[in-house]
Amino acid sequence: MQENKTIAFLPDRLNREPPVASGMTFSELLSVISLSASIGFVIGLVAMVVFSITWAIIPSCMVICGLIGLKVGGIGISRLKRGKPEAWFERYMAYRLNPKAFITEQQYWGIHRIYSAPKRKMKRKK
């Protein structure tokens, strides 16, 4: 006899992006660290110019701000995502970056006719 080779269960999170650090997925982690490292670059550049320190302050500030951003961003994103569906945060960020790509009208839908159809005249049988 031939055995049935179907899967007894359906894995629902098989194609989802797994959390990597602090409840963030890799794409969220990459965006948080790159944003905070770029802020660290600006801080390091300003510190180098103002205090006439060597250029090594720039990567040092980038690393320090990246680690702080990882901790603070992880806490913030996990609070935003708590109690929401799996792909909510990605849709939320896409909406915040480009709201014209989404339908945002609120209106009530009705299932009645707006215009009345002309009444049909019934022919009587004689």
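Heads up: numbering here begins at 1 and tracks the sequence.
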Chemist: Can you tell me if CZ on Phe102 sees more than 12 non-hydrogen neighbours from other groups inside 6.0 Å?
Modeler: yes

Chemist: Roughly how far, to the nearest 0.5 Å, is CD of Glu28 from CD1 of Ile33?
Modeler: 12.0 Å

Chemist: When hydrophobic residues are tied together by side-chain contacts of less than 4.5 Å, even through go-betweens, does Phe41 share a cluster with Leu35?
Modeler: no

Chemist: Please round to the nearest 0.5 Å and tell me the distance separating atom CG of Leu29 and atom OG of Ser22.
Modeler: 8.0 Å

Chemist: Taking distance alone, no hydrogens or angles, what donor-acceptor pairs closer than 3.5 Å link side-chain atoms of residues 89-100 to residues at least two apart or in another chain?
Modeler:
none

Chemist: Side-chain donor-acceptor pairs under 3.5 Å in residues 53-76, sequence neighbours left out?
Modeler:
from	atom 1	to	atom 2	distance (Å)
Ser60	OG	Ala56	O	2.9

Chemist: Answer with yes or no whether the hydrophobic clustering places Trp88 together with Val20; edges join I, L, V, M, F, W, Y residues whose side-chain heavy atoms lie under 4.5 Å apart.
Modeler: yes

